[in-house]
Asks: 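One structure coming up, written as structure tokens, with questions to follow.
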Amino acid sequence: MEQTYIEDIAHKVGEEVLICGWLYNRRESGKIQFLLIRDGTGVIQAVVTKADGEAFEKALRLTQESSLKVRGTVREDARAPGGYELQIKDIEIVQRVEEKYPIDLKEHGPAFLLDHRHLWIRTPRQTAILRLRHEVMQAIRDFFNERGFIATEAPILTPSACEGTTTLFEVNYFDEKAYLSQSGQLYLEATAMALGRVYWIGPAFRAEKSKTRKHLTEFWMAEAEVAFFDHEQNLKLQEELVKYVIGRCLQKRARELKELGRQTESLERAVAEPFARITYAESLEIINELLKERIASGEVEKLNWGDDFGAPHEEALGQHFGRPVFVEFFPAKMKAFYMEPKPDNPDLVLAADLIAPEGYGEIIGGSQRISDINLLKQRLKDFGLPEEPYQWYIDLRKYGGVPHSGFGLGVERLTTWIAGLEHLRETIPFPRMIYRLKP
RNA sequence: UCCUCGGUAGCUCAGCGGUAGAGCAACCGGCUGUUAACCGGUGGGUCGCAGGUUCGAAUCCUGCCCGAGGAGCCA
């Protein structure tokens with residue numbers, strides 16, 4: 001008999017099916033037992049009574065997370081969680097869990113759960129989050145593929161610090177030093193000159209000692225780079241992408257969002273309304289005004305020209321607009337060396353960050369890239385970076401340099417926002433954080 | 001790296017100077033519609049580690065280790 005997945009159970013009412021999965025919970029009341037069985041696609045309640053004989057005796061032996069195959073008839077029943085129920089005909093125990101399962105249905109602290117992450121991911125809430133992450137990833141790929149972008153790849157092992165600012169993980173590459181990539185951007189600029197429109201979703205590594213709910217040392221970025229694209233086109237593409245991804249999750253993962261208790265008004269608004277746009281200069285005024293009381297009390301720092309936003313500042317901006325907001329035209333000094341200056345004010349750059357509402361902060365950073373070879377060389381000098389390691393990057397401007405733009409989107413940060421989570425560590429199967437390398 | 005809080009049963013926690021506790025989990029028993037089921041019973045401890053104060057330390061002090069929240073850092 002072929003296996004039926006629980007997510008398809010609504011189409012099988014009245015039929016006999018085979019469910020293969022694990023025991024999530026068992027409740028018994030004398031001569032009747034209720035088994036909650038999960039199979040990765042959902043959870044279903046199965047019922048067996050003393051009159052069922054052997055199946056009832058087998059069910060009695062089942063412990064939490066024992067693996068099993070159950071044959072039975074599907075019926076609608078309002079008393080069952082989810083509305084459908086399986087009347088058991090036969091049970092095959094695949095592996096009976098003999099030891100006490102570490103994770104129970106009651107509360108646990110974050111340290112315990114993270115120590116048992118390999119088992120924690122089996123719970124309904126975690127599987128909902130991971131299915132949502134899948135949808136985000138898949139939507140990003142579909143978005144770019146539908147628009148003629150070519151999926152390409154950047155190396156993970158890189159010879160030098162690409163931007164010179166972030167702390168990198170060093171690895172021994174034979175007898176040379178190499179570093180884990182913090183971004184594929186520079187390499188994507190090269191593939192964009194080959195293929196026109198490119199994207200990739202890949203891991204990024206940062207050895208920063210950040211200890212916040214918005215940082216991982218290993219996270220996934222969706223990066224795009226487009227030849228002949230200017231700053232305006234870049235922002236338009238980003239807005240379309242974010243709207244597309246959120247729209248897909250709302251449409252295809254309503255069940256997961258409900259499971260997570262996510263109120264979706266803010267997401268629906270992000271899809272329906274144009275994103276807000278302000279300049280960096282305007283953002284300073286708005287933030288300082290919004291936070292003036294907390295600044296006066298010394299709780300929050302006042303922002304001065306050239307300051308980067310802290311968490312409270314991003315949060316205030318997000319709350320003020322209630323939808324994603326682009327902050328554009330930052331001072332060149334506070335951003336990376338490769339960003340194109342604003343034509344009418346070369347102290348600013350054609351860059352923008354996208355800030356999510358509801359306190360979720362920055363989810364995209366992007367810019368138009370310098371296309372002029374002499375300006376690029378000057379910028380390297382200004383930032384105190386050597387030319388030699390960037391020779392190949394400079395070549396891109398020597399051989400047919402063109403204006404081009406791109407951005408990087410933090411997959412976990414976007415997923416955290418869509419799911420409405422407290423901490424982004426739940427959006428990746430095995431989070432890597434400053435004090436956590438296991439499991 | 002800094003600040004704050006914490007580490008006691010498998011888990012979540014209470015106890016804060018005088019014999020180590022509760023709920024849940026586990027195990028045993030009861031119950032034919034349970035919803036983190038419920039009811040009764042049983043077993044379960046290097047009170048993070050080291051030192052100090054005291055007649056006596058889970059409790060007070062010092063140092064260290066580990067964790068959480070936040071700050072800083074963070075194309």
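Side chains included, hydrogens not; waters and symmetry mates left out as well; all remaining heavy atoms used. Numbered from 1 within each chain, the chains take letters A, B, ... in sequence-line order.
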Asks: Would you classify A:H116 as touching base, sugar-phosphate or nothing, given that sugar-phosphate means primed atoms plus P, OP1 and OP2, and contacts are heavy atoms under 4.0 Å?
Replies: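 Nothing, no heavy atom under 4.0 Å.
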Asks: Indicate, with yes or no, if the rings of A:H118 and A:F430 have centres closer together than 6.0 Å.
Replies: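 No - the distance between ring centres of A:H118 and A:F430 does not fall below the 6.0 Å cut-off.
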Asks: Across the strands shown, which category fits A:Q64 at heavy-atom distances under 4.0 angstrom: base, sugar-phosphate, nothing?
Replies: nothing
Asks: I would like to know whether A:Y390 and A:F337 meet ring pair (Phe, Tyr, Trp, His ring centres under 6.0 Å); could you show each step before the answer?
Replies: CA-CA 12 Å; A:Y390 295 98; A:F337 72 90; 5.3 Å; yes
Asks: Looking across every strand, which nucleic acid part, if any, lies under 4.0 Å from A:R125 by heavy atom: base, sugar-phosphate, or nothing?
Replies: nothing
Asks: For A:K50 and A:L36, find the nucleotide of RNA chain B closest to each by heavy atoms; which residue's nucleotide sits nearer the 5' end?
Replies: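 The residue whose closest nucleotide sits nearer the 5' end is A:K50.
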Asks: I'd like the C1' distance from B:G45 over to B:A26, given in whole Å.
Replies: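 One C1' to the other, the span is 16 Å.
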Asks: So A:Q45, base contact, sugar-phosphate only, or nothing? Heavy-atom distance under 4.0 Å.
Replies: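 The answer is base, as A:Q45 lies within the cut-off (heavy atoms under 4.0 Å) of a base atom.
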Asks: May I ask you to say what A:G109 touches in the nucleic acid, namely base, sugar-phosphate or nothing, with a heavy-atom cut-off under 4.0 Å?
Replies: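 Sugar-phosphate contact only.
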Asks: Look at the side-chain N and O atoms of A:K100 and state whether any lies under 4.0 Å from the OP1 or OP2 oxygen of B:A26.
Replies: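 For B:A26, neither OP1 nor OP2 has a side-chain N or O of A:K100 closer than 4.0 Å.
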Asks: Mind checking if A:S367 touches a base, just sugar-phosphate, or nothing, with heavy atoms under 4.0 Å?
Replies: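 No contact.
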Asks: Could you tell me whether the phosphate oxygens of B:U1, OP1 or OP2, come under 4.0 Å of any side-chain nitrogen or oxygen in A:K209?
Replies: yes
Asks: If you look at every strand shown and take non-hydrogen atoms under 4.0 Å, does A:E301 touch a base, only sugar-phosphate, or nothing?
Replies: nothing
Asks: Pick from A:E28, A:R27, A:R26: which one makes a side chain to side chain donor-acceptor pair (under 3.5 Å) with A:Q33?
Replies: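 Of the listed options, the one satisfying the test is A:R26.
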Asks: When all nucleic acid strands are considered with a 4.0 Å heavy-atom cut-off, which category describes A:P81: base, sugar-phosphate, or nothing?
Replies: base
Asks: With heavy atoms under 4.0 Å as the rule, sort A:K211 into base, sugar-phosphate or nothing.
Replies: base
